[in-house]
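Note that ligands are numbered from 1 as they come in the structure, with each ligand's atoms numbered from 1 the same way.
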Amino acid sequence: MEATAELPPPRLLGRYSYPTSHRVIELVAVVLFYGFGAVFAWRTLGSLITTLDVATLAAALGAGLLALVVADFASGLVHALCDNLGSVDTPLVGQKFIRSFREHHTDPLDMTRGDFVRVNADNHLVCLPFLIPAVLWMDVASHPFLAPFLLALMVFVVMTNQVHKWAHVAEPPAAVRWLQAHKLVLSPEHHRVHHTPPYDSHYCITSGITNPFLTRIGFWPVLMRTCRWLGRFVGGSPAAGHSQGPGA
Ligand SMILES: [Zn+2]
Ligand SMILES: [Zn+2]
């Protein structure tokens with residue numbers, strides 16, 4: 001799949017085709033994330049280095065692995081809900097979150113034409129309600145599992161959309177191709193299943209590590225039925241070509 005050269009128009013704050021007010025929110029979210037994130041990472045890693053015993057390092061490693069699984073599952077859950085519940089007119093989340101998932105199914109390569117802020121800012125934004133309280137009130141030395149878990153979780157969440165974009169890019173960087181080939185991040189082959197009829201699985205887009213398990217236990221059909229039921233109350237219709245579409 002080749003990306004076309006149809007870049008968004010140049011504007012005051014970069015290339016984007018949505019209201020400047022959205023762009024300002026995105027830029028503020030990115031700046032806040034890296035400001036607070038640097039403080040939290042410094043404290044968490046500093047605490048690990050200061051303690052440096054086997055039990056603490058084992059807890060941190062376990063927390064990192066759990067964060068990888070949780071981030072991947074969360075990416076799939078949010079993705080499936082945005083694809084199948086509500087619409088772009090849904091209050092609060094319609095324009096900011098559901099819209100990008102719906103447009104992605106209409107034009108999967110559109111995100112490859114977006115700059116870093118457009119592709120990744122939303123994921124920075126969703127981390128802030130967890131990151132800012134953690135910086136303000138968490139004593140990381142007293143939480144040798146929770147602090148590394150939160151740090152790793154936010155790293156995985158923030159990289160999710162970029163990883164998703166790379167799965168659609170014709171020629172990602174060599175290092176990314178290596179990560180894709182070793183299934184450490186979402187690979188184009190794995191993600192292609194989601195964009196192939198019947199469009200009813202492989203929603204997880206961080207690494208895809210949880211997709212086979214969720215498919216095996218029949219998680220997605222249950223979630224789709226739940227979305228259909230909830231759809232009676234919140235309105236809207238699923239993304240084009242999805243499992244709740246015509247004939248579902
Ligand atoms: Zn989707
Ligand atoms: Zn995709």
Practice prompt. List in chain and number order the residues that pass side chain to side chain donor-acceptor pair (under 3.5 Å) with His164, two or more places apart in sequence or in another chain; answer none if no residue qualifies.
Written response: His104, His168, His191
Discussion item. So for atom CZ, which belongs to Phe130, do other residues, nucleotides or ligands contribute more than 12 heavy atoms lying within a distance under 6.0 Å?
Written reply: no
Item to complete: Using 2.8 Å as the cut-off, note every protein N, O or S atom close to the Zn ion (ligand 2).
Response: His104 NE2, His164 NE2, His168 NE2, His191 NE2, His195 NE2
Practice prompt. With sequence neighbours left out, write down each residue that passes side chain to side chain donor-acceptor pair (under 3.5 Å) with His22, or none if nothing qualifies.
Written response: none
Discussion item. Can you classify the ring geometry of His194 versus His79 as parallel (below 30°), tilted (30 to 60°) or perpendicular (above 60°)?
Written reply: perpendicular
Worksheet item: Got a sec, which residues hit side chain to side chain donor-acceptor pair (under 3.5 Å) with Thr160, two or more places apart in sequence or on another chain?
Response: Thr206
Worksheet item: Of the backbone and side-chain N, O or S atoms of Cys82, does one lie nearer to the Zn ion (ligand 1) than 2.8 Å?
Response: no
Discussion item. In terms of relative ring orientation, are Trp229 and Phe233 parallel, tilted or perpendicular, with 30° and 60° separating the classes?
Written reply: perpendicular
Worksheet item: Closest to the Zn ion (ligand 1), which N/O/S atom of Asp83 is it?
Response: OD2
Fill in: Sidechain N-carboxylate O distance under 4.0 Å for Asp115, Arg118
no
